[in-house]
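Input: a single structure, listed below in structure tokens.
It should be emphasised that the depicted structure is a prediction, and the values quoted were computed from it without experimental measurement. Residue numbers begin at 1 in each chain, while the letters A, B, ... track the order of the sequences.
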Protein chains: 2
Amino acid sequence: MTAPRGPGKRAGITLRDILDAAHGLLKAKGHEGLSMRAIARVLGVAPNALYSHTPSKQALIDELLDDVLAAVPSPTEEDATQALSTMMTSTYDTLLRHGELVPLFLARQGARGRNAWRLGDQMLLLLERAGVDAEAAREAQRVLIVYTIGFAAIAAQSTVEVGATARLQPRDLRQNFMTGLEWLLRGVTGQQ
Amino acid sequence: MTAPRGPGKRAGITLRDILDAAHGLLKAKGHEGLSMRAIARVLGVAPNALYSHTPSKQALIDELLDDVLAAVPSPTEEDATQALSTMMTSTYDTLLRHGELVPLFLARQGARGRNAWRLGDQMLLLLERAGVDAEAAREAQRVLIVYTIGFAAIAAQSTVEVGATARLQPRDLRQNFMTGLEWLLRGVTGQQ
DNA sequence: ACCTGAACACCGTTCAAGT
DNA sequence: ACCTGAACACCGTTCAAGT
């Protein structure tokens with residue numbers, strides 16, 4: 001609407017703007033609508049302007065994923081097993097609040113950013129506090145992460161899916177998630 | 001190498017040829033190398049020739065995924081819980097034998113073809129035979145499927161990943177998978 | 001029914017140049 | 001450092017036409 005910028009004129013775009021625009025596109029048009037060119041269109045810049053702020057589309061997606069994980073709170077419970085349960089459930093809820101992103105999480109397997117690291121570290125600490133030795137804790141960590149992201153993916157899809165015979169309610173799926181989580185935690189901590 | 005075909009000349013391509021070419025590309029160049037145009041190039045036909053055999057790329061991928069599941073054998077054990085364990089482990093192994101496909105499985109969440117149906121039905125039957133009532137069986141089914149595909153995804157990636165600090169051995173991951181599977185089955189069947 | 005030629009409406013990314 | 005213009009090398013899919 002304003003006069004087009006020539007080369008050298010700055011648009012004042014930040015990485016935050018790009019992430020927000022990407023998130024908006026994802027929510028509005030799904031993961032097929034997420035393209036570098038579409039993001040640029042939203043921000044009113046040339047497509048290649050984005051490359052001044054991110055090296056690639058994949059790097060941008062990684063940033064986006066880790067951004068979401070920032071919302072997962074650190075658990076405060078005394079009991080380590082209880083804290084683990086809360087932590088995984090919080091992660092599940094946070095992922096579902098950004099259902100459009102979950103398929104991307106799956107493809108990348110849980111993101112490698114700083115927030116993913118923080119959560120992973122906390123899991124290991126809690127597992128060791130629950131009496132699991134270091135090596136077994138790494139195994140348990142993998143099991144719990146896979147389970148949580150995988151279940152979030154099912155739940156995220158069921159909110160989109162329309163033709164399903166028996167409509168799955170988010171509440172039921174969350175309960176389903178927690179049931180399986182309890183089984184796993186019981187196994188992890190060796191409680192019979 | 002031979003003289004180019006004009007319009008109306010048949011290449012004699014079948015859906016099987018297309019699926020094999022797609023699989024070959026996936027193995028050779030990864031999932032980024034899988035394009036309709038690349039498949040057509042391999043088969044020596046025009047890109048749009050593929051649309052005489054499949055309605056879309058997504059439909060082709062779905063077919064590819066279900067194709068892989070055909071290799072999962074039906075378990076023969078007497079004990080239902082044992083049969084379930086075998087079935088999930090066979091699925092895990094089969095998925096890993098086609099590691100290139102696992103990310104696509106995640107994106108589609110386990111395929112919707114006839115082989116996926118067959119396996120899903122068998123799971124439900126075994127779960128009910130193990131004393132799980134119909135509704136709980138559906139829950140358990142979701143838990144087991146998510147867990148199996150999710151873990152296969154981790155293992156499939158670890159064979160590609162090079163920069164990992166502690167190299168994960170396929171054997172260790174398979175053992176890790178089975179450990180978690182036992183926890184889940186113990187929970188599912190209500191055994192203390 | 002199965003195939004080609006040509007086209008439509010896109011992609012991600014790079015490179016040189018402007019301020 | 002941040003941006004544009006132009007280009008490169010691609011995509012999936014459709015449409016009309018040929019046999």
Side-chain angles (χ1 to χ4, degrees), chain A residues 1-26 28-65 100-101 103-104 107-108, chain B residues 1-26 28-65 100-101 103-104 107-108:
Chain A
M1 318 309 172
T2 63
R5 276 182 311 282
K9 256 65 179 169
R10 305 218 168 176
I13 296 304
T14 65
L15 181 56
R16 246 283 54 88
D17 295 330
I18 298 178
L19 290 171
D20 290 343
H23 208 134
L25 278 168
L26 221 36
K29 322 230 183 189
H31 99 283
E32 295 208 339
L34 181 66
S35 72
M36 297 299 268
R37 294 179 110 101
I39 295 171
R41 220 139 44 212
V42 168
L43 296 176
V45 295
N48 48 356
L50 306 181
Y51 290 86
S52 295
H53 299 91
T54 182
S56 69
K57 185 185 181 183
Q58 189 56 65
L60 196 64
I61 289 177
D62 285 344
E63 206 102 32
L64 207 55
L65 296 180
E100 337 80 53
L101 282 171
L104 298 177
R108 278 309 253 183
Chain B
M1 321 307 170
T2 64
R5 275 182 311 284
K9 255 65 180 171
R10 307 220 167 176
I13 296 302
T14 66
L15 181 56
R16 250 275 61 84
D17 295 329
I18 297 178
L19 290 172
D20 291 342
H23 207 135
L25 277 169
L26 222 36
K29 320 228 183 189
H31 100 283
E32 294 209 340
L34 181 67
S35 72
M36 297 299 267
R37 294 179 111 101
I39 295 171
R41 220 139 43 211
V42 168
L43 296 175
V45 296
N48 48 357
L50 306 181
Y51 290 86
S52 294
H53 300 90
T54 183
S56 68
K57 185 185 182 185
Q58 188 56 65
L60 197 64
I61 289 177
D62 285 344
E63 206 102 33
L64 207 55
L65 296 181
E100 336 80 53
L101 283 171
L104 299 176
R108 280 307 255 181

Side-chain N or O of [X] closer than 4.0 Å to phosphate OP1/OP2 of [N]:
| X | N | value |
| --- | --- | --- |
| B:Ser52 | C:dC3 | no |
| B:Arg37 | C:dC10 | no |
| A:His53 | D:dA1 | no |

Which of the following nucleotides, [options], is nearest to the side chain of [X]?
| X | options | answer |
| --- | --- | --- |
| B:Ala38 | D:dT13, D:dC11, C:dC11 | D:dC11 |
| B:Ser35 | D:dG12, C:dG12, D:dC3 | D:dG12 |
| A:Tyr51 | C:dG12, D:dT13, D:dC3 | C:dG12 |

Over how many whole Å does the gap from [X] atom [atom1] to [N] atom [atom2] extend?
| X | N | atom1 | atom2 | result |
| --- | --- | --- | --- | --- |
| A:Glu32 | C:dA9 | CD | P | 18 Å |
| B:Lys29 | D:dC11 | NZ | P | 10 Å |
| B:Asp17 | C:dC3 | CG | C1' | 15 Å |
| B:Arg41 | D:dA9 | CZ | C1' | 10 Å |
| A:Ile18 | C:dG12 | CD1 | P | 13 Å |
| B:Leu60 | D:dC11 | CG | P | 15 Å |
| B:Met36 | C:dC11 | CE | C1' | 17 Å |
| B:Ile39 | D:dC10 | CD1 | P | 16 Å |

Just wondering, do A:Leu50 and A:Leu60 contact through their side chains at under 4.5 Å, heavy atoms? no
Should B:Leu26 and B:His31 count as side-chain neighbours, where that means a heavy-atom distance under 4.5 Å? yes
Test your reading of the model: is there a side-chain donor-acceptor pair from A:Asp17 to the backbone of A:Thr14, 3.5 Å cut-off? yes
Answer yes or no: is there a donor N or O on one side and an acceptor on the other, between the side chain of B:His53 and the main chain of B:Ile13, under 3.5 Å? yes
So A:Ala11, base contact, sugar-phosphate only, or nothing? Heavy-atom distance under 4.0 Å. sugar-phosphate
Audit row: A:Thr54, A:Met36, side-chain contact (heavy atoms from CB on, under 4.5 Å) steps and yes/no: CA-CA 11 Å; A:Thr54 182; A:Met36 297 299 268; 4.2 Å; yes
For A:His23 and A:Leu101: C-alpha separation, side-chain torsions, deciding distance, then whether side-chain contact (heavy atoms from CB on, under 4.5 Å) applies. CA-CA 9 Å; A:His23 208 134; A:Leu101 282 171; 3.9 Å; yes
All stems with DNA chain D, defined as three or more consecutive Watson-Crick or G-U pairs under 3.5 Å: C:4-8 with D:12-16, C:12-16 with D:4-8
Start with the C-alpha distance between B:Ile39 and B:Val45, add both sets of side-chain angles, then the distance that settles side-chain contact (heavy atoms from CB on, under 4.5 Å), and finish with yes or no. CA-CA 9 Å; B:Ile39 295 171; B:Val45 296; over 6 Å; no
Taking the nucleotide of DNA chain D with the closest heavy atom to each, which residue, B:Lys57 or A:Ala46, is nearer the 5' end? A:Ala46
What distance, rounded to whole Å, do you find between the two P atoms, one in C:dA9 and one in D:dC10? 22 Å
